[in-house]
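I have placed the structure first, in the form of structure tokens, so that the comments after it can refer back to it.
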Amino acid sequence: MTSSTKVLDGGWGWAIVAASFMAQFLAYGSPQSVGVLYPEWLHTYQEGKGMTAWVGSLVAGVGLIASPICSACVDNFGARPVTLFSGVMVAGGLMLSAFAPNVQFLIFSYGIVVGLGCGLVYAATLTITCQYFDKRRGLALGIVTTGTSVGAFIYATAQNELIVLYGLDGCLLIIGAMALNLMACSGFMRPLNMPGYYLKQKAALERNTEEQLFVKPPFNDLKIAVGSATTTPEKPLTVKELLITIDAKDLSIQTEKKEGHLAGLAIVKAIKKNQNAYSKYMQSLYEILQDQEMLAFCISIFLFSLGAFPPVLFVEDVAQSGGLIEEVSVIPLVSIGAIATCIGKLALGILVDIKWINGVYLYAFTMLAAGLVLLFIPITKSYVGLQILTAILGFFSGNWSLTSYITTKIVGLDRLTKAHGILMFFGGFGIMLGPPVVGWFFDWTQSYDLAFYFCGSCVLLGAFILFLLSLPCWNRRPSENDKPEVQYTSTCDKVASVA
């Protein structure tokens, strides 16, 4: 532990920040500016807006819903191999999308494959950043997470120009080729600690090595061929090869040592042990949701994601279908919303650190403002007004930077991992449902007005629920979670769950 603390908050850590920023920039640039691609897909495939909206909703929601799996991959294999693999997924998904024959294939290639790749990148970059920073962790994470917003701002304009020059297929091929640079970013992610998978393999290797020291080698291994003056032993396995193969051998060795019904009892015991661990995990999740404030926060996250995410996908089509502009402008609305979100993340992060500002109430206020903006979008009849509303909505959508802070305040640092996973599941579920619902409203009414009134109402309802159930008059039971301040430690296993 002493060797790792010497490199915290500086040195190679800033190279990690730069690589993680670029990784999120390359991975999330296209998915966060998918609103530019959406009108092109509508024109190319001639499908309903509800069906086509599944592409944008899945690419944003799948990574959040699968965040516990993505975090487990990073914990077991490390940030470097996970980022390397995610680069193949993101680049491959984008390139496959260039050859999509229909929307259904696009849902798989762009929505699921690219979405899972982005989830792996997000988990890996935040985890490795937490490992290298302690006192400056907030600053480092703030720089890294702005990569998504900067990527959306630049990619929106870049994709628009690439479509004009090379068409939709050429645009996706070029963006996919750029995403291959994720593998180069993974090279900078030097691990401070050996990942969990290799620790288990090392322990198994040491255990089997100790057993082999006391085992008499077979007589055949000591024989020397007649007529040969020297022995020609086989080339010994390297430590890396042993670590890769020892896991499968370990189970077979343990099974061979037990005969008859003893082997069956060992298998039954292992199954019961896994069942008990699963039961304890589900019980802990249930206990977290019993907290009234945490439950209200989960519901508000779901309603906010359901209502506030669709404009990212539909705002360009709203302007074109309303006759406000004939084609996507040089600086698309998606870019304006992205840069406003980047500013909102930083500004709200600074505000929440002020002692007399309550983080939950601040989040409820951002939801209230975002809900009102959504209600004003249908009555806006000018492109300039739509640009202003997009910027305001983007600023208050930066409240995603407050989620880990508020979660820690509610449940405490010890349960942050599980609580944040639950929260991201609710958020991802809302993001997945929002765009298809808005698309179905348009297919039904041939107008976005009712759809955006529905979105604004959902966000306002979430703000009301969060504010009402967080009032101190409810007299929640006192516990160790109700601490005035949270002291962050360098224990990466707890803080890395932000991913």
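This is a predicted model, so every value here is computed, not measured. For this chain, numbers begin at 1 and follow the sequence in order.
Of the possible polar contacts, none joining the Asn160 side chain to the Val36 backbone as a donor-acceptor pair under 3.5 Å is found. Side-chain N or O atoms of Tyr132 include none that pairs as donor or acceptor with a backbone N or O of Trp14 at under 3.5 Å. Counting only distance, with no hydrogens or angles, the side chain of Thr341 and the backbone of Gly394 share a donor-acceptor pair below 3.5 Å. Looking at Trp12, its side chain does come within 3.5 Å of a backbone N or O of Phe188 through a donor-acceptor pair. Of the possible donor and acceptor atoms, none in the side chain of Arg80 sits under 3.5 Å from a partner among the backbone N and O of Pro191. The backbone N or O of Phe105 sits nowhere less than 3.5 Å from a side-chain atom of Tyr110 that would complete a donor-acceptor pair.
Listed here is the closest heavy atom pair of Ile174 and Leu162: CD1-CD2, 3.9 Å. Nearest heavy atom pair, residue Leu375 against residue Ile379, reads O-CG1, 4.5 Å. Scanning both residues, Pro310 and Gly434, for their nearest heavy atoms gives CG-C, 3.7 Å. Shortest non-hydrogen contact noted between Glu47 and Leu42 is O-CD2, 3.8 Å. Here the closest heavy-atom approach between residue Thr380 and residue Gly385 is recorded as CG2-C, 3.7 Å. Taking both residues in full, the closest heavy atoms of Ala23 and Thr125 are given as CB-CG2, 3.9 Å, listed atom of the first, atom of the second, then distance.
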Output, in order, the C-alpha distance, side-chain angles, deciding distance and verdict of side-chain contact (heavy atoms from CB on, under 4.5 Å) for Met89 and Val114. CA-CA 6 Å; Met89 289 190 67; Val114 177; over 6 Å; no
Checking Asp169 against Phe99 for the side-chain contact (heavy atoms from CB on, under 4.5 Å) test, could you report, in this order, the C-alpha distance in whole Å, the side-chain angles of both residues, the deciding distance, and whether it holds? CA-CA 7 Å; Asp169 298 344; Phe99 304 98; over 6 Å; no
Check step by step if side-chain contact (heavy atoms from CB on, under 4.5 Å) holds for Thr83 and Ser86. CA-CA 5 Å; Thr83 305; Ser86 66; 4.2 Å; yes
Would Ser149 and Gln32 satisfy side-chain contact (heavy atoms from CB on, under 4.5 Å), going step by step from the backbone distance to the final call? CA-CA 8 Å; Ser149 300; Gln32 289 290 321; over 6 Å; no
Before you tell me yes or no, could you show the steps for Thr148 and Gln24 under side chain to side chain donor-acceptor pair (under 3.5 Å), namely the whole-Å CA-CA distance, both residues' side-chain angles and the distance that decides it to 0.1 Å? CA-CA 6 Å; Thr148 60; Gln24 293 204 11; 4.6 Å; no
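Taking Ser20 as the reference, nothing meets the side chain to side chain donor-acceptor pair (under 3.5 Å) condition, with sequence neighbours excluded.
Shown here is Leu450, whose CG atom has more than 12 heavy atoms of other residues, nucleotides or ligands within 6.0 Å. Heavy atoms from other residues, nucleotides or ligands lying under 6.0 Å from CZ of Phe85 number 12 at most. Within a 6.0 Å sphere centred on CZ of Phe365, heavy atoms belonging to other residues, nucleotides or ligands number 12 at most. Within 6.0 Å of OH on Tyr45 lie more than 12 heavy atoms contributed by other residues, nucleotides or ligands.
Atoms CG and SG, from Leu303 and Cys458 in turn, are 6.0 Å apart once rounded to the nearest 0.5 Å. The OH atom of Tyr166 lies 11.0 Å from the SG atom of Cys171; values are rounded to the nearest 0.5 Å. The CZ atom of Phe395 lies 8.0 Å from the CD1 atom of Ile343; values are rounded to the nearest 0.5 Å. Here CZ of Arg190 is found 7.5 Å from CD1 of Ile16. Values are rounded to the nearest 0.5 Å. Remark: Leu172 CG to Leu94 CG distance equals 6.5 Å, nearest 0.5 Å. With rounding to the nearest 0.5 angstrom, the CG atom of Leu168 is 9.5 Å from the CG atom of Leu173.
Considering only heavy atoms from C-beta on, Ser57 stays 4.5 Å or farther from Leu433 through its side chain. Side-chain contact between Met51 and Ile107 is present, with heavy atoms from C-beta onward closer than 4.5 Å. Contact annotation: the side chain of Val150 approaches that of Phe21 to within less than 4.5 Å [non-hydrogen atoms, C-beta and beyond]. At a threshold of 4.5 Å between non-hydrogen side-chain atoms, the residues Val459 and Cys455 do not count as touching. Considering only heavy atoms from C-beta on, Trp41 comes within 4.5 Å of Val34 through its side chain. Between Thr127 and Tyr122, the closest side-chain pair of non-hydrogen atoms is not below 4.5 Å. In this structure, the side chains of Val360 and Leu466 come closer than 4.5 Å at one or more pairs of heavy atoms. Counting only heavy atoms from C-beta outward, the side chains of Asn399 and Phe304 approach each other to under 4.5 Å.
Side-chain N/O atoms of Ser300 and Tyr363 include no donor and acceptor closer than 3.5 Å. Under the 3.5 Å distance criterion, with hydrogens and angles disregarded, a donor-acceptor pair is assigned to the side chains of Ser33 and Gln159. A side-chain donor from one of Ser109 and Ser97 sits under 3.5 Å from a side-chain acceptor of the other.
For the side-chain contact (heavy atoms from CB on, under 4.5 Å) test with Leu393, the passing option among Val315, Leu374, Ile388 is Leu374; the others fail.
Between Phe442 and Tyr448, the ring-plane angle classifies as tilted under the 30° and 60° cut-offs. Taking the six-membered ring where tryptophan is involved, the planes of Phe454 and Phe441 are tilted, since the angle between them lies from 30° to 60°.
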